[in-house]
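Following: one structure in structure tokens, then a few remarks.
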Amino acid sequence: MKIKVLFLMLSLSIVSASELAAPSFQLMNQNGENIELDSFKGKKVILEWTNHDCPFVQRHYETSNMQSLQEKYTEEGVIWLSIISSAVGKQGYVSPDEAIELTNARSAKPSHVLFDTSGKVGKMYKAKTTPHMYIIDENQKLQYQGAIDNMGRTGALFNTDLSKAKNYVVAAMNDLANGLSVQESKTRPYGCSIKY
Amino acid sequence: MRYLVFIFLAATYVAETSSARTDHAEISIIGKENLIQEPGTYKFGYKFTFTPGWHTYWVNPGDSGGPPTFTYKNPKGWVINKNTWPGPSKIEYPPLMTYGYENEVVFPFEITFDNLADANTEIDIKFLVCDDICIPEETTLKLTLTKNILNVTQKIEELTKWEAQVPIRAPPDLEIRRTDNAFTLLSDAITENSYFFPFDDQVFDYSDPQENINKALSFSVYEDFDKPLSGVVLSDAYYFEINQPTSEIEVAAVESISILTAILFALIGGLILNLMPCVLPVIALKGLSLVKSASDSKTSVTINAGAYVVGVIITFMIIAFTLVTLKNAGELIGWGYQLQSPFVVTILAGLIFAIGVYLITDLNIGSSLGKFEKFANGSGPVNSMMTGALSVIVASPCTAPFMGAALGAALIQPDAYSYLIFFFLALGFALPYFLIALFPSLVNRLPKPGKWMESLKQLFGFMMFGAAIWLLWVLANQVDANSILFVLIGWLLLAFIAWLFIIKIKHAILIGVLIGCAYGYQLFNWDFKQQTVTQSNDSISWSLDLERELKTNGDAYFINYTAAWCITCKVNEGIAFTDEIFNLFEENNITYLKADWTNRDPEIAQQIEKYNRSGIPLYIYWSKKLDEPMVLNEILTESYLREVINEN
């Protein structure tokens with residue numbers, strides 16, 4: 001019996017060790033405040049790499065797909081960080097004021113919009129596309145990274161109905177809420193390249 | 001003169017070509033010709049010219065982007081086939097790697113015209129055009145056929161150039177090796193600029209480098225990558241396609257039957273074969289001769305029946321040996337393949353017809369044919385053995401539809417198992433006589449000889465004619481009308497020769513042999529022209545590219561692997577594929593694809609092998625809800641199809 005428990009604990013520790021720690025970072029938000037990932041310990045955090053001029057991102061905002069996710073999870077106490085890694089002058093780059101305007105115009109509900117003009121954080125997370133989604137759990141472990149849903153390639157752009165898609169973020173959040181390990185913890189992101 | 005008028009018309013209609021301009025691209029349809037003078041398949045291409053430096057994507061775009069989509073409806077009498085994908089270039093935006101076409105591209109496609117009446121259709125084209133940034137654009141091209149002129153721009157060279165970029169079959173020396181997480185492709189066709197572009201999404205990190213040393217291209221893949229490798233390889237100025245055979249990879253949903261089950265099926269199947277319309281008469285003939293010999297000694301009955309069993313088994317083993325040898329030589333074959341050769345079908349049909357004639361006439365009484373009579377009716381062990389061999393040969397067309405699963409299992413197993421399964425098939429086939437050989441007294445239980453035997457024989461003759469008609473129909477699906485005429489003349493001659501014997505004309509044998517030789521010579525030199533396959537409008541003919549593209553786009557599909565010579569297929573098509581089912585296909589946006597295996601087609605054979613089958617019917621269904629394509633039952637009913645589609 002004791003051996004069994006020991007074995008169970010051992011295997012549990014192996015499992016948790018295999019989960020990636022989310023690299024910590026601090027970035028400026030739309031109000032000029034410094035936002036640190038470490039300060040959100042004990043809460044779930046969702047990262048959304050975005051670029052408002054990218055047609056794939058536009059598609060998810062025009063269909064209110066992204067906003068409804070932001071609303072749903074921020075209401076549950078999850079921290080939603082929309083990160084813009086576009087370099088100054090490149091597509092998707094906006095000033096803090098423009099970011100606030102965009103958020104209002106699109107009725108977006110992120111906890112913060114963060115500016116990563118140097119691309120440091122994006123590259124640290126190996127963010128490739130917009131959108132590119134990450135879920136970080138209460139212990140700051142990376143639980144999901146990848147596409148927002150399974151409408152990859154031009155599916156998200158040219159398909160009229162996005163509701164049929166399987167949303168990976170929702171699936172992963174449900175797994176976590178049910179105390180399960182995330183079934184699909186890594187998928188291939190799709191969209192526009194990030195304009196580092 | 002008429003031709004000149006056409007050319008003149010062509011020139012005037014060029015003004016109204018199918019082209020359009022968007023913000024960053026100019027799109028047009030180009031063709032090898034724009035004069036559609038007779039029904040047939042013509043080659044075209046969607047041509048994109050982008051703002052310099054801009055690009056669009058291949059079917060697998062790599063890290064970002066997506067391929068163009070083409071949406072259209074076929075006008076009556078037209079079948080617009082899906083476009084093919086020329087091999088892509090690497091377009092690098094570190095840290096991203098994408099696959100696509102810079103500055104310009106032509107996506108070749110074909111249209112089959114069954115009907116040349118004036119018609120038009122619209123093709124909606126949606127695509128992403130990108131440099132640093134991406135812009136989705138769309139346009140609609142109108143394709144119009146007016147007085148045999150299609151409004152496309154004639155650009156032969158350009159179309160030919162891009163057609164040459166469409167991947168071709170992999171070179172025969174290609175070797176695919178996998179060690180842990182790395183693949184190595186070995187071939188003389190690997191050149192300095194070679195690069196592997198995968199079709200599937202979850203193969204490797206696109207930006208990972210590929211190593212290319214000395215005719216060997218290596219790259220690592222994800223640890224959990226467990227699918228067959230498929231994609232295209234750049235080789236100098238052209239591309240070839242790789243489709244790793246799936247023999248060592250499990251195909252989901254296919255239950256490979258255990259060896260014991262296969263043996264049991266083979267035994268039962270063999271036994272059932274005795275009842276086939278093309279076999280029963282031959283076997284019954286042997287039975288009748290046994291009835292006659294009931295008075296003979298038991299040993300003689302045993303020897304005769306035993307010889308027949310041996311004949312059957314030897315013939316089956318020869319077939320097994322041929323199949324296994326071909327399989328090991330890398331030939332892709334499947335059961336039923338023998339009916340893909342018009343020559344073989346002609347011979348079999350002739351043989352069956354001749355047996356029919358023999359059965360309904362009183363030829364066997366004619367003394368001039370004493371030897372022949374002895375052969376089929378006679379009682380020597382050699383003759384019995386020959387009858388065994390004959391019945392296996394005559395049975396071969398009938399085995400295909402019924403033995404698919406067992407023979408499929410047989411050919412995919414190691415050689416020893418293949419022989420074992422064929423052995424049991426032979427044993428099952430010979431079982432009735434095997435029992436008689438073991439228990440000769442069984443013969444006494446058969447009814448007493450009498451006039452009924454003659455009537456029964458004649459009845460069997462009509463069964464043979466039925467089987468011959470079926471084979472002729474198979475042939476009619478493969479060859480042109482002249483060849484059918486030629487075969488029927490052969491039948492006429494056969495009947496004529498039979499009549500010569502019946503009226504006991506002098507030198508009947510000599511005349512028969514002469515006619516036989518003359519006809520045989522013609523047959524050997526006959527050029528069986530393959531019929532051009534005409535497509536019906538409700539189905540699209542299958543191609544691997546098309547299937548892959550549908551799957552990539554998440555579009556559901558149903559593939560019907562069929563052939564004219566496959567009876568079960570035809571029965572299924574008649575019973576299960578009702579109008580309601582086709583409506584159901586349409587409602588659920590399921591593309592119905594037909595893979596016609598009436599004639600030899602290595603690509604289809606390869607697919608059938610992939611699903612662990614060696615024969616047809618084979619039905620494959622896939623929709624987004626399924627991870628892997630689903631292999632349906634061999635026997636279909638409408639309700640079963642409905643269930644499959646509604647539940648998946």
Side-chain angles (χ1 to χ4, degrees), chain A residues 18 49 51-60 62 85-87 89-93 119-120 122-132 145-147 149-166 168 183-196, chain B residues 55-71 91-100 124-138 198-208 222-225 549 551-556 588-589 623-625 627:
Chain A
S18 72
W49 257 268
N51 163 354
H52 70 284
D53 275 333
C54 161
F56 290 91
V57 171
Q58 285 173 348
R59 185 83 178 119
H60 282 287
E62 278 160 13
S85 286
S86 299
K90 292 263 184 91
Q91 188 201 50
Y93 170 77
K120 209 177 107 192
K123 283 170 186 165
M124 193 161 69
Y125 275 82
K126 294 191 173 129
K128 287 187 161 174
T129 60
T130 53
H132 195 161
Q145 47 184 317
D149 58 26
N150 65 348
M151 300 288 272
R153 302 194 177 173
T154 32
L157 272 190
F158 299 144
N159 269 39
T160 42
D161 193 0
L162 283 184
S163 63
K164 282 181 191 157
K166 179 187 176 184
Y168 291 127
Q183 276 189 356
E184 283 176 285
S185 60
K186 193 172 181 182
T187 62
R188 184 181 292 286
Y190 69 85
C192 311
S193 57
I194 293 177
K195 316 303 179 202
Y196 287 119
Chain B
H55 61 267
T56 196
Y57 296 97
W58 186 49
V59 60
N60 177 4
D63 278 323
S64 71
T69 62
F70 304 88
T71 325
I91 300 172
E92 290 173 76
Y93 283 91
L96 270 63
M97 167 68 87
T98 63
Y99 303 143
D124 285 321
I125 302 177
K126 294 179 178 176
F127 59 99
L128 265 180
V129 50
C130 310
D131 67 343
D132 265 2
I133 57 166
C134 273
I135 296 165
E137 296 192 339
E138 65 174 292
F199 283 125
D200 291 326
D201 208 10
Q202 305 282 353
V203 182
F204 52 52
D205 272 326
Y206 297 114
S207 45
D208 281 355
Y222 292 140
E223 259 170 59
D224 57 359
F225 176 73
E549 189 191 312
K551 204 171 168 192
T552 312
N553 295 342
D555 297 334
N588 291 293
N589 281 326
S623 81
K624 258 192 278 186
K625 288 188 203 159
D627 285 339

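Chain letters run A, B, ... following the sequence lines, proteins first and then strands; every chain starts at 1.
Across all their heavy atoms, D63(B) and T129(A) have their closest contact at O-CG2, 3.3 Å.
The shortest side-chain heavy-atom distance between Y196(A) and L96(B) does not fall under the 4.5 Å cut-off. Residues P136(B) and R59(A) fail the side-chain proximity criterion, which asks for heavy atoms closer than 4.5 Å. Between C134(B) and P55(A), the closest side-chain pair of non-hydrogen atoms falls below 4.5 Å. Between D205(B) and K128(A) there is a side-chain heavy-atom pair separated by less than 4.5 Å.
Not one N or O on the side chain of R188(A) forms a donor-acceptor pair closer than 3.5 Å with the backbone of Q202(B).
With a 4.5 angstrom heavy-atom cutoff, T71(B) does not touch chain A via any of its atoms.
Taking the side chain to side chain donor-acceptor pair (under 3.5 Å) definition, one finds that T187(A) meets it with Y144(A), sequence neighbours left out. Under the rule for a side-chain contact (heavy atoms from CB on, under 4.5 Å), the partners of S86(A) that lie at least two apart in sequence or sit in another chain are N51(A), I84(A), Y93(A), K195(A).
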Open item on the list: Under the criterion side chain to side chain contact (heavy atoms under 4.5 Å, CB included), I'd like the reasoning laid out for S193(A) against S64(B): C-alpha separation, chi angles, the key distance, then a yes or no.
Closed with: CA-CA 6 Å; S193(A) 57; S64(B) 71; 4.2 Å; yes
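Atom NZ of K551(B) has more than 12 neighbouring heavy atoms from other residues, nucleotides or ligands inside a 6.0 Å radius.
Interatomic distance, I135(B) CD1 to C192(A) SG, rounded to the nearest 0.5 Å: 10.0 Å. With values rounded to the nearest 0.5 angstrom, Q91(A) atom CD is found 9.0 Å from D131(B) atom CG.
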